[in-house]
> 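Take this structure first; my questions come after.
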Amino acid sequence: MGGAGAEEELTAQETALYDRQIRVWGVDAQKRLSKAHVLVCGVNGTTIEFCKNIVLAGVGSLSLMDDHIVTQDDLNANFLIPPDESIYGGRSRAEVCCESLKDFNPMVRVAVAKGDPSLIDGEFLDRFDIIVVSCRPLKTKLFINDNCRKRSKHIAFYSIECKDSCGEIFADLQNHSYVQKMPGKEPEQQELTYPSLQEAISVPWKSLPKKTTKLYFAMRGRNPGETSLSDLPAVLARRKEMCDRMSLNESQIPTVLLERLLAAGKKEHPPVCAILGGILGQEVIKSISCKGDPMKNFFYFDTADGKGVMEDVPPTPAD
Amino acid sequence: MASAASEEAVKAAKVLMVGAGGIGCELLKTLALTGFSDIHLIDLDTIEVSNLNRQFLFRKSHVGQSKAHVARDAVLKFRPKINISSYHANVKDAQFNVDFFKQFNVVLNGLDNLDARRHVNRLCLAAEVPLVESGTTGFLGQVTVHVKGKTECYECQPKPVPKSYPVCTITSTPSKFVHCIVWAKDLLFAKLFGDKNQDNDLNVHSKDGSSSKSDVFERDVDEDLDQYARRIYDHVFGYNIEVALDNEETWKNRRRPTPVYIRDTLPEETVQQNGTSRECNNGHEEPSAMASLGFRNPQEIWTLADNSRVFLETLKLFFEKRQKEIGNLIFDKDDQLAVELVTSAANIRAHSFGIPLHSLFEAKGVAGNIVHAVATTNAMIAGLIVIEAVKVLQGDYKNYRMTYCLEHAKRKMLLMPVEPFEPNESCYVCSETPLLLDVNTKTTKLREVIDKIIKSKLGMNLPLVMIGSTLVFEDGDGLEEDEAANYALNLEKVLAELPAPVINGTKLTVEDFQQELSCSINIKHREEFDEEKEPDGMVLSGWSAPVEKQVTSNGGKLAASSSSAHDTVGDASANPGTKRKLDEVLESKENCDASSSAQVIEDDDDTIMLDEDPTLLKKKRSQ
């Protein structure tokens, strides 16, 4: 992951720039970061927060894949797009954001990856150590995740979605070895095995702990993209069908929550973008550096209760 | 939540941001995106290279410029129509008075020091404006909400004040690396290159009859630099240790230090040899012993011999290349040569005392009180601040939360919200409870009480001290000459001899007009103080009656604050008005205020906090 810790020292420039963060994660982790290559499919308010974070952190390269032409709406939660149509007009989201991101850290190679995420082939994936997908149909996410797992190279997969004032992150690190350092204890080598996206969303609901975040269930039924409250009847029907099938009480997925998610549409509440993008940034840094407990395997944030919660689905059997 | 009502509240709001650094950049960006359109921003700092790993509104070309102004310009680029007023100023300036604060709907802090935080807290209380506080250190962070009358103020729970070390620990009996750093920085460096008029505890006298000097540190005109450097080396690391060893009592139960002489550490290097081994130093670059000696890796722990080489080389380089600055230098963590000197000196001293050596990178962190920081934590905290700010604007007080950002999940939570406490009825800041000061009124001068207690512990900026109706001291501009002279005289008097004598049972009234803070201090006369445990020679307690109070939520081991002297670790349920489960928060040692440096050296169990004004041992001569 990210290449072996190289023998060469960090340059004087890197040491000066990264001083404060090297004091957090150490020189070795910084070196690994500089060799890591990240792909982000889907440019939105949340993923650009993530992009800002990892460019500042000093990854080797960042590639953005999003051919959608920039629209006025994109300006709402995205501070990388200058509000000047003469600059962004007719250009893709990836292109405009790449330009801005380059400025944050000249030592990181930031580039546009042209193409359709649903058609990415395996060999293309081998260029990367980390893939992040957002705002794509479930089918595309499953396709990419599956391809990542098929490669012999270790590629970590993340999906991230912000639905107005709440959101979800999913991580699949396959088999991940890392060093864990708990306060007051010596560093320990740990190993984790992650389920695929398919496995993680196919878990029978009745087998999940009662206190599992409602967002987990609520986010399973919907498709990203244009939605609105008029979709509610269809979604409620879907809820009934899924709950019957999974033997789950419908109250576990409150109507109020579903309404919120539908009304959200493509809206992203900027504070939530910052929170989700921050968590994902930290997770990717942990993943690349093989240092620190990575999230396993879902993370949820909801402004309604202010909690940032991890869910392990399917739950790891206790030893 | 982005409802129509909250959107309206946001659009109409006028907010004040204090701090345009790590949290500030993220916060300004998120506020602008969220729809805030009238933001005022205060920051006294200018941009440095080490900021750029996280303060993303700044570029390398901005180094040296005002953070507040550059941040404003950067955000206007993507939100050109909003109003941002930036002030390159200190929030403690007189212009930011209560009337200034009153114009805002909410104040958002992104500060990095306790002093400014307390100041803003008091102004917000006086102006009755809600305050959202925050802090980050590495992966940890928190956001707290403070609304007068509804929640605790920022000072309701005592924050640990920076640790001060007894003088003797620094001068004679260091046991930790940080003690060696303080010695190297505040004594040796100050003595060599700082203001000659400062008092300094370093022994400058040589018993050696051959020296006609009264001050060993004085360099003779045209004295060979190599010789001078070696002489200093032998004096501070060799001779002074021998002198200390003479005092048997000190070493009865302590490991005896080993004197170190240059003839032993660098036996083969004659003066000439040392000279020719230096690499050519490009005249345009900053002078550096590491560069000159070919040491490239600041993470490497040097041997005693190499530390000695660095020490001698830095001394020489200061005199050769920076002669003009000598006599005026103050230690600056960004001064490479100064850091090299302090590192090498601290390491040699550490070797003497059997303390492990550290790399330049680590030493710099200790000497410079560097707080480790990353962009992601700041981004998350900024998001949480805005969420609380929106609740505050709508008066949604039932949903106010203190949110903690954890490194290791607790009960599955990485972001843990907790309900705020009700105000502490015994808080001297927001509830005006009198304080108690144990002090020797016959030997302690007024100046000491003002410096150590009123300005330092109570955080008052421009205090006024009254005894009954007699005004014994006032600070600030606009004093008449004779008033000022009178106050200067009073400063040097012991308490019992002030115009209104202070004895056991006297009550002092202390005020700071700008902060609109007034409090009473009841004096209790005490003859003796423990030099190690009570190095200030006086003890302040914040509560007039001992109360069962829990350990602060800012890390159990840290509280060196003497206001906790009467505290005991108590049952959370004994605290009146508790609304939340404190035990969960308290058990977590992770909840630290960013004003306290997190663990500086990993192998050291004590969490060390260093004074931001590290001139702990400075004793100014009276003007």
Side-chain angles (χ1 to χ4, degrees), chain A residues 9 15-25 27 45 49 52-53 56-58 75-83 103-106 164-165 182-184 211 260 267 269-279 281-282 285 292-293 295 299 301 303-312, chain B residues 1-2 22 26 29-35 49-54 56 59-60 75 77-80 138-139 296-299 361 364-365 370-387 390 399 401 403 405 407-409 412-417 589-590 599 605:
Chain A
E9 303 301 335
T15 311
L17 178 61
Y18 299 139
D19 183 272
R20 300 298 186 266
Q21 65 199 39
I22 289 173
R23 291 176 193 278
V24 177
W25 52 61
V27 174
E49 277 282 341
K52 157 190 50 89
N53 293 335
L56 289 173
L75 297 171
N76 289 342
N78 188 330
F79 63 91
L80 296 180
I81 304 178
D103 275 348
F104 291 164
N105 188 344
D164 194 9
S165 54
M182 297 300 279
K211 289 227 170 131
R260 271 179 63 201
K267 258 190 288 172
H269 192 38
V272 179
C273 297
I275 291 166
L276 293 172
I279 294 278
Q282 246 165 236
I285 289 167
D293 294 299
M295 64 174 259
F299 174 84
F301 178 76
T303 309
D305 64 12
K307 289 185 187 169
V309 178
M310 287 202 304
E311 290 291 355
D312 189 7
Chain B
M1 241 103 37
E26 294 285 346
K29 168 260 298 167
T30 303
L31 283 172
L33 287 177
T34 306
V49 169
S50 61
N51 299 149
L52 303 177
N53 79 320
R54 64 204 184 280
F56 70 97
R59 303 280 168 267
K60 197 142 185 219
V75 171
K77 286 215 175 81
F78 61 89
R79 282 292 183 273
F139 290 129
R296 292 190 209 296
N297 187 359
Q299 306 262 343
F361 180 78
K364 179 178 166 178
I370 294 178
V371 177
H372 44 293
V374 295
T376 49
T377 320
N378 288 335
M380 285 153 56
I381 290 300
L384 292 167
I385 294 171
V386 174
I387 289 171
V390 172
N399 285 318
R401 293 290 178 269
T403 309
C405 178
E407 186 172 355
H408 304 283
K412 301 194 302 184
M413 283 187 280
L414 282 175
L415 297 176
M416 187 193 313
K589 288 202 292 186
E590 299 174 333
Q599 204 144 23
D605 263 343

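Protein chains get the first letters and strands the later ones, always in sequence-line order, with residue 1 at the start of each.
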> Hey, could you give me the CG/CZ distance between B:Asn51 and A:Arg20, rounded to the nearest 0.5 Å?
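One gets 7.5 Å once the value is rounded to the nearest 0.5 Å.
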> Side-chain contact test, heavy atoms from C-beta onward, threshold under 4.5 Å: evaluate it for B:Ile387 versus A:Ile275 and give yes or no.
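A side-chain contact exists here, since the closest heavy-atom pair is under 4.5 Å.
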> Which heavy atom of A:Asn53 sits nearest a heavy atom of B:Ala375, and at what distance?
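Of all heavy-atom pairs spanning A:Asn53 and B:Ala375, the closest is OD1-CB, 4.1 Å.
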> So which residue, A:Gly58, A:Gly278, A:Gly292, ends up with the most heavy-atom pairs under 4.5 Å with chain B?
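Looking at each option in turn, the highest pair count goes to A:Gly278.
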> With rounding to the nearest 0.5 Å, note down the distance linking CG in A:Asp19 to CG in B:Leu52.
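Separation between the atoms: 12.0 Å.
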> Is there a side-chain contact between B:Met380 and A:Glu49 (heavy atoms, below 4.5 Å)?
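B:Met380 does not reach A:Glu49 side chain to side chain.
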> Please identify, among B:Lys29, B:Arg79, B:Met413, the residue contributing the most non-hydrogen atom pairs under 4.5 Å to chain A.
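Most heavy-atom pairs within the cutoff with chain A belong to B:Lys29.
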> Between A:Asp293 and chain B, which part of the residue has a heavy atom less than 4.5 Å away: side chain, backbone, both or neither?
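Only the side chain of A:Asp293 comes within 4.5 Å of chain B.
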> Which one wins on heavy-atom pair count under 4.5 Å against chain A: B:Ser50, B:Ala32, B:Ala382?
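Option with the top pair count is B:Ser50.
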> Pick one of side chain, backbone, both or neither for A:Lys52, based on which atoms fall under 4.5 Å of a heavy atom in chain B.
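Just its side chain gets close to chain B.
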> Examine whether an atom of A:Leu276 lies under 4.5 Å from a heavy atom of chain B, and if so say whether it belongs to the side chain, the backbone or both; otherwise answer neither.
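Neither part; nothing is under 4.5 Å.
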> Do B:Arg296 and A:Glu9 have side chains that approach each other closer than 4.5 Å (heavy atoms only, starting at C-beta)?
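Result no, sub-4.5 Å side-chain heavy-atom pair not found.
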> Based on non-hydrogen pairs under 4.5 Å, which of A:Glu311, A:Met295, A:Lys211 is most in contact with chain B?
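Heavy-atom pairs under 4.5 Å are most numerous for A:Glu311.
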> Please determine, among A:Asn78, A:Leu80, A:Val27, the option with the most heavy-atom pairs under 4.5 Å with chain B.
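If we count pairs closer than 4.5 Å to chain B, A:Val27 comes out on top.
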> Is it the case that A:Arg23 places NZ or CZ above or below the six-membered ring of B:Phe361, under 6.0 angstrom from the centre and within 45 degrees of the axis?
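Positive - A:Arg23 is close enough to the ring of B:Phe361 and near enough to its axis.
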> Tell me, please, which residues at least two apart from B:Asn399 pass side chain to side chain contact (heavy atoms under 4.5 Å, CB included).
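So B:Asn399 forms a side chain to side chain contact (heavy atoms under 4.5 Å, CB included) with B:Lys391, B:Asp396, B:Arg401.
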> Count the heavy-atom pairs under 4.5 Å between each of B:Lys77, B:Arg59, B:Lys364 and chain A, then report the option with the highest count.
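Among B:Lys77, B:Arg59, B:Lys364, the one with the most close pairs to chain A is B:Arg59.
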> Does a side-chain heavy-atom distance below 4.5 Å link B:Val386 with A:Pro270?
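The answer is no; the side chains never approach within 4.5 Å.
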> So which part of A:Ala16 gets closer than 4.5 Å to some heavy atom of chain B, the side chain, the backbone, both or neither?
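The answer is both parts of A:Ala16.
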> I need the residue from A:Leu75, A:Ile279, A:Val272, A:Ile81 with the largest number of non-hydrogen atom pairs under 4.5 Å to chain B.
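Between A:Leu75, A:Ile279, A:Val272, A:Ile81, the count favours A:Ile279.
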> Considering only heavy atoms from C-beta outward, does the side chain of B:His408 approach that of A:Pro183 to under 4.5 Å?
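Answer yes - side chains close enough.
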> Identify which part of A:Asp305 has an atom lying under 4.5 Å from any heavy atom of chain B, answering side chain, backbone, both or neither.
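Backbone only.
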> Look at B:Pro298, B:Pro80, B:Gly383 and state which one has the largest set of heavy-atom pairs under 4.5 Å with chain A.
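It is B:Gly383.
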> Between B:Ile385 and chain A, with a heavy-atom cut-off of 4.5 Å, which part of the residue counts as in contact: side chain, backbone, both or neither?
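Answer is neither: B:Ile385 stays 4.5 Å or more from chain A.
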> Out of curiosity, A:Gln21 CD to B:Asn53 CG, how far, rounded to the nearest 0.5 Å?
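Separation between the atoms: 4.5 Å.
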> Looking only at heavy atoms, which two atoms of A:Ala274 and B:Ala379 are closest? And how far apart?
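For A:Ala274 and B:Ala379, the tightest heavy-atom pair comes out as CB-O, 3.5 Å.
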> If I take atom OG1 from residue A:Thr15 and atom CD from residue B:Gln299, how far apart are they, to the nearest 0.5 angstrom?
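Interatomic distance, A:Thr15 OG1 to B:Gln299 CD, rounded to 0.5 Å: 7.5 Å.
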> Could you tell me the separation between the CG atom of B:Leu415 and the CZ atom of A:Phe299, rounded to the nearest 0.5 Å?
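It is 4.5 Å, given to the nearest 0.5 Å.
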> Which bit of A:Asn105 comes within less than 4.5 Å of chain B, counting heavy atoms only: side chain, backbone, both or neither?
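It is neither, since no heavy atom gets under 4.5 Å.
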> Within a strict 4.5 Å, meaning less than it, do heavy atoms of the B:Thr34 and A:His269 side chains meet?
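Answer yes - side chains close enough.
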> Would you please classify the geometry between the B:Phe78 ring and the A:Phe79 ring as parallel, tilted or perpendicular, with 30° and 60° separating the classes?
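Tilted: the ring planes of A:Phe79 and B:Phe78 meet at 30° to 60°.
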